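Everything below concerns the one structure shown next.
For the numbers below, each heavy atom of this structure counts, side chains included, while hydrogens, waters and symmetry mates do not. Chain letters run A, B, ... following the sequence lines, proteins first, then strands; residues in each count from 1. On a predicted model such as this, the values are computed, not experimentally measured, just so you know.
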There are 2 protein chains.
Amino acid sequence: MKEIEKTLENKSVRPTAMRILIYKYMAEKEIAVALTDIENAFAKADRTTLYRTLKTFEEKGIVHQIDDGTNISKYALCEPGCNCEIEQDLHLHFHCNNCDETVCLTEHKIPQVNLPDGYVAEDANLVIKGICEKCSGR
Amino acid sequence: MKEIEKTLENKSVRPTAMRILIYKYMAEKEIAVALTDIENAFAKADRTTLYRTLKTFEEKGIVHQIDDGTNISKYALCEPGCNCEIEQDLHLHFHCNNCDETVCLTEHKIPQVNLPDGYVAEDANLVIKGICEKCSGR
DNA sequence: TTAAACCGTGCAACGGAAGTGCATTTATCG
DNA sequence: CGATAAATGCACTTCCGTTGCACGGTTTAA
């Protein structure tokens with residue numbers, strides 16, 4: 001718990017109770033979460049607060065936003081040392097068509113792609129869809 | 001014009017006036033279009049019709065849906081011989097951070113990715129974001 | 001040919017999610 | 001303690017995707 005406080009402070013985010021709880025919630029979940037998920041988990045909290053908390057976390061590099069093709073923004077904690085903004089650091093995401101969960105495959109980086117002349121890459125997003133470990137029965 | 005009719009019929013879609021127009025519009029545009037784009041282009045047509053037309057087109061393999069990370073579904077015509085459903089055929093998409101346009105890079109396929117044990121890939125989506133040819137000034 | 005079935009289209013409305021403005025509370029600093 | 005800024009909560013708006021229903025034209029079957 002104290003660790004979370006420290007983590008937030010290191011990223012220059014004030015460790016309020018709400019923020020610590022949200023961080024904790026995301027740390028326990030191993031999958032990417034949507035705003036609605038957090039909303040349901042914390043019935044007490046207002047959606048706006050959660051919304052802005054996620055925005056703040058994202059700006060400060062605490063979480064990264066994931067677009068898994070469901071048209072619902074998901075978020076996941078950045079691994080220690082994750083530099084989302086650097087292209088080489090971009091890992092891919094896996095979305096399960098069965099359980100509808102999205103996970104970070106942190107170890108799997110997005111392969112380098114050669115673009116046509118004139119195109120400049122700044123960011124990349126790769127989502128693989130299929131059946132996840134849990135649902136495939138290994 | 002007659003060609004479009006034929007194309008639609010070949011895909012077992014009845015070539016109504018509306019559908020031909022929409023097809024024509026998408027063929028002329030070289031970028032992926034959102035429902036709203038079409039809506040603005042055809043002020044007369046109802047949103048629902050366009051929506052369902054796109055759905056139909058998608059089911060019949062005339063267009064493919066593109067998720068470029070803007071949380072707005074875009075659509076683009078399939079190239080002749082495009083088999084969107086087959087993983088090997090998946091091309092990548094480029095979204096320009098400047099002009100906000102999304103294009104298909106049909107020639108650029110999504111590289112094969114090794115997944116952890118237990119994960120089964122069925123589909124993939126790769127979007128590169130950056131500056132497009134037009135905006136980079138070559 | 002006429003009736004029935006089907007399909008395409010249009011109108012209205014709903015629901016979910018993102019986002020904004022403003023008031024209020026809470027924390028920080030002098 | 002008081003002033004200032006940050007965080008939170010409430011209300012509301014907008015946008016997009018989606019659905020239900022009704023009308024009209026076209027196709028199909030008797």
Rounded interatomic separation in angstrom, taking [atom1] from [X] and [atom2] from [N]:
{"X": "B:Phe57", "N": "C:dG8", "atom1": "CZ", "atom2": "C1'", "result": "12 Å"}
{"X": "B:Ile20", "N": "C:dT9", "atom1": "CD1", "atom2": "C1'", "result": "15 Å"}
{"X": "B:Ile72", "N": "C:dA18", "atom1": "CD1", "atom2": "C1'", "result": "11 Å"}
{"X": "A:Gln65", "N": "C:dA17", "atom1": "CD", "atom2": "C1'", "result": "12 Å"}
{"X": "B:Tyr51", "N": "C:dC11", "atom1": "OH", "atom2": "P", "result": "19 Å"}

Any N/O pairs under 3.5 Å between the protein and nucleotides 21-23 of chain C? List them or say none.
unit_1 : atom_1 : unit_2  : atom_2 : d
C:dG21 : O6     : A:Arg52 : NH2    : 2.9

Spacing of [atom1] belonging to [X] relative to [atom2] belonging to [Y], to within rounding of 0.5 Å:
{"X": "A:Ile72", "Y": "A:Thr102", "atom1": "CD1", "atom2": "OG1", "value": "9.5 Å"}
{"X": "A:Cys104", "Y": "A:His64", "atom1": "SG", "atom2": "NE2", "value": "3.5 Å"}
{"X": "B:Lys134", "Y": "B:Ser136", "atom1": "NZ", "atom2": "OG", "value": "11.5 Å"}
{"X": "A:Lys109", "Y": "A:Leu105", "atom1": "NZ", "atom2": "CG", "value": "10.5 Å"}

Practice task
Using the side chain to side chain donor-acceptor pair (under 3.5 Å) rule, collect all pairs that involve residues 15-34 of chain A, keeping only residues at least two apart or in two chains.
Solution key: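 Passing the test, one end in residues 15-34 of chain A: A:Lys24-A:Glu28.
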Problem - Pairs satisfying side chain to side chain donor-acceptor pair (under 3.5 Å), at least one member in residues 1-14 of chain A, at least two apart - result: none
Practice task
Considering only heavy atoms of chain B and a distance under 4.0 Å, specify the first and last nucleotide of DNA chain D in 5' to 3' order that meet this criterion.
Solution key: D:dC16 to D:dC21
Exercise for the section: Taking A:His108 for its side chain and B:Leu115 for its backbone only, find out whether a donor-acceptor pair lies under 3.5 Å. Expected result: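 Flag not set: sc A:His108 to bb B:Leu115 has no pair under 3.5 Å.
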Exercise for the section: To the nearest 10°, let me know how far the axis at one end of the helix from C:dT1-D:dA30 to C:dG30-D:dC1 is tilted from the axis at the other, five pairs an end. Expected result: 20°
Exercise for the section: Would you jot down, in residue-number order, the residues of residues 29-38 of chain B having a non-hydrogen atom under 4.0 Å from DNA chain D? Expected result: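 Those residues are B:Leu35, B:Thr36.
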Exercise for the section: Strictly below 4.0 Å, heavy-atom distances to any atom of DNA chain D: list the hits from residues 2-19 of chain A, or just say none. Expected result: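 Only A:Arg14, A:Thr16, A:Met18, A:Arg19 qualify.
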Practice task
Step by step, work out the side chain to side chain donor-acceptor pair (under 3.5 Å) result for A:Ser73 and A:Asp67.
Solution key: CA-CA 6 Å; A:Ser73 293; A:Asp67 172 39; over 6 Å; no
Problem - With sequence neighbours excluded, residues passing ring pair (Phe, Tyr, Trp, His ring centres under 6.0 Å) with B:Phe94 - result: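 Testing B:Phe94 for ring pair (Phe, Tyr, Trp, His ring centres under 6.0 Å), a comparison that skips the adjacent residues, returns A:Tyr119.
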Handout entry: Test salt bridge (Lys or Arg N to Asp or Glu O under 4.0 Å) applied to A:Lys74 - qualifying residues, sequence neighbours left out
Key = A:Asp68
Handout entry: Results of side-chain hydrogen bond (donor to acceptor under 3.5 Å, both in side chains) for B:Asn98 - residues two or more places apart only
Key =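 Listed in chain order: nothing, the list is empty.
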Sequence neighbours left out, cut at 3.5 Å: what donor-acceptor pairs do the side chains of residues 31-39 of chain A make with other protein atoms?
unit_1  : atom_1 : unit_2  : atom_2 : d
A:Asp37 : OD2    : A:Ala34 : N      : 2.8

Exercise for the section: Please examine the side chains of A:Ile131 and B:Glu122, heavy atoms only from C-beta on, and report whether any two atoms are closer than 4.5 Å. Expected result: yes
Handout entry: Non-hydrogen side-chain atoms of A:Asn125 and B:Leu126 separated by less than 4.5 Å
Key = no
Problem - Whichever of A:Lys55 and B:Thr49 has its nearest DNA chain C nucleotide further upstream toward 5' - result: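 It is B:Thr49, whose closest nucleotide lies nearer the 5' terminus.
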Practice task
Taking the six-membered ring for Trp and the full ring for Phe, Tyr or His, determine whether the centres of B:His91 and B:His93 are under 6.0 Å apart.
Solution key: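 Ring centroids of B:His91 and B:His93 are less than 6.0 Å from each other.
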Would you tabulate the side-chain donor-acceptor contacts of residues 47-59 of chain A under 3.5 Å, counting partners in other chains and residues two or more places apart, or write 'none'?
unit_1  : atom_1 : unit_2  : atom_2 : d
A:Thr48 : OG1    : A:Asp46 : OD2    : 2.8
A:Thr53 : OG1    : A:Thr49 : O      : 2.6
A:Thr56 : OG1    : A:Arg52 : O      : 2.8

Practice task
Give one of base, sugar-phosphate or nothing for B:Lys44, where a contact means two heavy atoms less than 4.0 Å apart.
Solution key: nothing
